[in-house]
Amino acid sequence: MVMKSEAAECRAALTLIRRTIEDHCPPGVLPSEEAVNGLYGPGLMDEAEALAAAIVATIDQMQLRVMVKPPSPSIK
């Protein structure tokens, strides 16, 4: 079991990652903290799983945009 000070440090790190995802990733890839509790659970690993899923969803969206984007016209 994680000690209280370690848990607090883990929670702080996960919060920092969450804020970064919220600031830089597309809207909707990361559920709210309350939704994460319902979808994944209330634990630290549950939050980590939701954050990882948001990162993967962001990469998937970026790859899809690159694949869908038409090629630039060549200038001759």
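- Take Glu34 and apply the side chain to side chain contact (heavy atoms under 4.5 Å, CB included) test, not counting sequence neighbours, and it matches Ser32.
- The shortest non-hydrogen separation linking Val36 to Pro31 is CG2-O, 3.7 Å.
- We find the CD-CE distance between Glu9 and Met3 to be 9.5 Å, quoted to the nearest 0.5 Å.
- Taken from CD1 in Ile55 to OG1 in Thr20, the straight-line distance is 9.5 Å, to the nearest 0.5 Å.
- Side-chain contact check for Asn37 versus Glu33: every heavy-atom pair is 4.5 Å or farther apart.
- Applying the side chain to side chain contact (heavy atoms under 4.5 Å, CB included) rule to Pro26 yields the partners Val29, Thr58, Gln61, Arg65; only residues at least two apart in sequence or on another chain are considered.
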Mind listing the side-chain donor-acceptor pairs of residues 40-53 below 3.5 Å, one per line with the distance, residues two or more places apart or on another chain?
{"residue": "Asp46", "atom": "OD2", "partner": "Gly43", "partner atom": "N", "Å": "2.8"}
{"residue": "Glu47", "atom": "OE1", "partner": "Arg18", "partner atom": "NH2", "Å": "3.4"}
{"residue": "Glu47", "atom": "OE2", "partner": "Arg18", "partner atom": "NE", "Å": "2.7"}
{"residue": "Glu47", "atom": "OE2", "partner": "Arg18", "partner atom": "NH2", "Å": "3.3"}

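- Note that the CG atom of Leu30 and the CD1 atom of Ile17 stand 11.0 Å from one another [nearest 0.5 Å].
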